[in-house]
S.K.: 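Okay, handing you the structure first.
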Number of protein chains: 2
Amino acid sequence: MALAHAILVTLLDSPSSGYDLARQFDGAVGFFWQASHQQIYRELAKLEASGIITSETVLQETRPNKKLYAITDRGTAMLTEWLHTPSDLSPIKDDLLVKLFGGHLVEPTVLLQELRQHRKQHQTRLVEYQAIEERFFPDVEALSPKALYQYLTLRNGIQYEQGWLKWCEEALSTLQPLATSNAEE
Amino acid sequence: MALAHAILVTLLDSPSSGYDLARQFDGAVGFFWQASHQQIYRELAKLEASGIITSETVLQETRPNKKLYAITDRGTAMLTEWLHTPSDLSPIKDDLLVKLFGGHLVEPTVLLQELRQHRKQHQTRLVEYQAIEERFFPDVEALSPKALYQYLTLRNGIQYEQGWLKWCEEALSTLQPLATSNAEE
DNA sequence: TGGTCCATGTAAAACGTTACATGATTCC
DNA sequence: GGAATCATGTAACGTTTTACATGGACCA
């Protein structure tokens with residue numbers, strides 16, 4: 001059910017094909033939900049069958065035709081109902097932390113390397129998010145309510161990446177003393 | 001495969017029954033992985049069938065007998081190999097952020113209420129984590145390598161909850177102006 | 001001519017959730 | 001007497017992942 005909701009809030013922004021949605025899930029929607037194109041196409045078929053979305057085929061000359069999906073009134077009603085239903089905190093599943101929990105099994109350099117790699121990736125994401133913030137949300141006071149809500153999801157991403165970076169630094173300096181006399185980087 | 005690894009690092013700590021594991025997944029392991037008892041029992045049967053763990057039946061008088069599972073050499077080898085394989089950043093799936101993205105559909109008070117609820121829950125978790133930190137890790141300098149790795153997973157949880165709290169505050173004060181003349185709490 | 005983008009799908013396997021099922025003990 | 005804890009499972013269903021499959025347009 002959760003993927004359905006993520007698709008619906010995306011369609012609220014603009015009618016999209018499955019392909020468009022897949023790209024949005026790789027971009028801005030990806031801050032808080034990920035899904036592959038296979039999942040998306042299947043879910044779209046299911047949502048259309050139950051009248052939550054409708055499609056319109058758009059013929060194209062130089063490119064394959066596409067089906068543009070849009071949310072129906074029934075879909076909006078369903079989404080609104082869900083917005084009124086409280087959610088639990090979302091569960092965390094993190095491979096890196098599982099690894100750390102058993103980290104004493106391997107030489108310290110193994111996880112130090114992985115921590116450096118993660119730090120780098122979080123750093124990259126943070127820079128991307130901050131670029132989006134500057135480009136699209138330069139003046140928070142001037143935002144429409146809709147833009148304001150979406151801005152907050154971006155702010156969450158920024159907060160999240162900053163937290164990870166801070167923790168990576170802490171973990172690296174905590175574990176570095178365990179790695180005796182190694183030249184790495 | 002990921003649940004398997006979470007079970008294995010837990011068994012590394014001490015041989016456990018399915019029931020024990022389920023409780024650990026509700027506790028310390030729950031910082032970074034969640035699983036229901038049904039999942040755990042199924043996975044244990046599978047892991048035993050492939051020689052990654054072994055079980056020994058422990059007869060008990062006043063309580064039901066239990067099967068204590070322990071990791072085998074093959075299991076340790078498999079886990080070690082996985083520790084050497086780099087992981088991607090873990091995907092985020094967060095209902096609350098999906099809701100915010102479509103938040104303009106409902107009156108501001110709806111999401112303000114939900115944000116307050118989430119703030120409260122993150123606050124509760126943070127206090128729990130900090131209690132564990134004080135009780136079990138009072139002197140970081142004195143920790144064994146094994147304890148040090150596990151301490152870092154707790155520190156990640158603390159960082160995570162602090163980040164969420166900070167963001168909840170920001171989101172609440174950003175959205176509060178949208179809710180005009182309402183008496184809520 | 002080899003790679004990426006556009007565009008949509010099928011199929012199988014793995015993983016996760018919900019509901020059902022049992023039964024003694026211990027605590028309030 | 002009722003709820004919680006200990007202890008283990010089955011079954012059905014739903015979701016996610018991984019692999020396979022196709023084919024034209026455009027760019028270097």
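The shown structure was predicted, so the numbers you read here are calculated from the model rather than taken from an experiment. Note on naming: letters A, B, ... go to the chains in the order of the sequence lines (proteins, then strands), and numbering restarts at 1 for each one. When reading the values below, keep in mind they use all heavy atoms of this one structure, side chains included, and skip hydrogens, waters and symmetry mates.
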S.K.: Rounded to the Å, how far apart are A:Ile7 CD1 and D:dT15 C1'?
M.R.: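 The answer, rounded to whole Å, is 12 Å.
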S.K.: Does the gap between the ring centers of B:Phe31 and B:Tyr129 come in under 6.0 Å?
M.R.: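 Ring centroids of B:Phe31 and B:Tyr129 are less than 6.0 Å from each other.
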S.K.: If you check every side-chain atom of B:Gln38, which of D:dG23, C:dA19, C:dT17 has the closest atom?
M.R.: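 Shortest atom-to-atom distance from the side chain points to C:dA19.
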S.K.: Please figure out whether A:Pro64 or A:Leu3 has its closest DNA chain D nucleotide nearer the 5' end.
M.R.: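 By nearest-heavy-atom nucleotide position, the 5'-most residue is A:Leu3.
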S.K.: Are the side chain of B:His118 and the backbone of A:Ser87 linked by a donor-acceptor contact shorter than 3.5 Å?
M.R.: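 Yes.
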S.K.: Distance check needed: C:dA24 P versus B:Tyr19 OH, whole Å only.
M.R.: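 Taking OH of B:Tyr19 and P of C:dA24, I get 17 Å after rounding.
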S.K.: Looking at B:Arg23, does any N or O in its side chain come under 4.0 Å of the phosphate oxygens OP1/OP2 on D:dA7?
M.R.: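 B:Arg23 to D:dA7 OP1/OP2: no side-chain N or O under 4.0 Å.
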S.K.: In terms of the angle between their ring planes, are B:Tyr160 and B:His122 parallel, tilted or perpendicular, with boundaries placed at 30° and 60°?
M.R.: perpendicular
S.K.: Take the protein atom CD of A:Gln34 and the nucleotide atom P of D:dT17, then report the distance between them rounded to whole Å.
M.R.: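 Taking CD of A:Gln34 and P of D:dT17, I get 9 Å after rounding.
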S.K.: Using only side-chain N and O atoms of A:Gln39, determine if any of them is under 4.0 Å from OP1 or OP2 of D:dT17.
M.R.: yes
S.K.: Find the distance A:Glu56:CD to C:dT8:P and express it as a whole number of Å.
M.R.: 13 Å
S.K.: Is there a donor and acceptor pair, one atom on the side chain of A:Arg63 and one on the base of D:dG23, closer than 3.5 Å?
M.R.: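 Checked by distance alone, the answer is no.
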S.K.: Calculate the interatomic distance between B:Ile40 atom CD1 and D:dT10 atom P; express it in whole Å.
M.R.: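 Spelled out: CD1 on B:Ile40 to P on D:dT10 is 15 Å.
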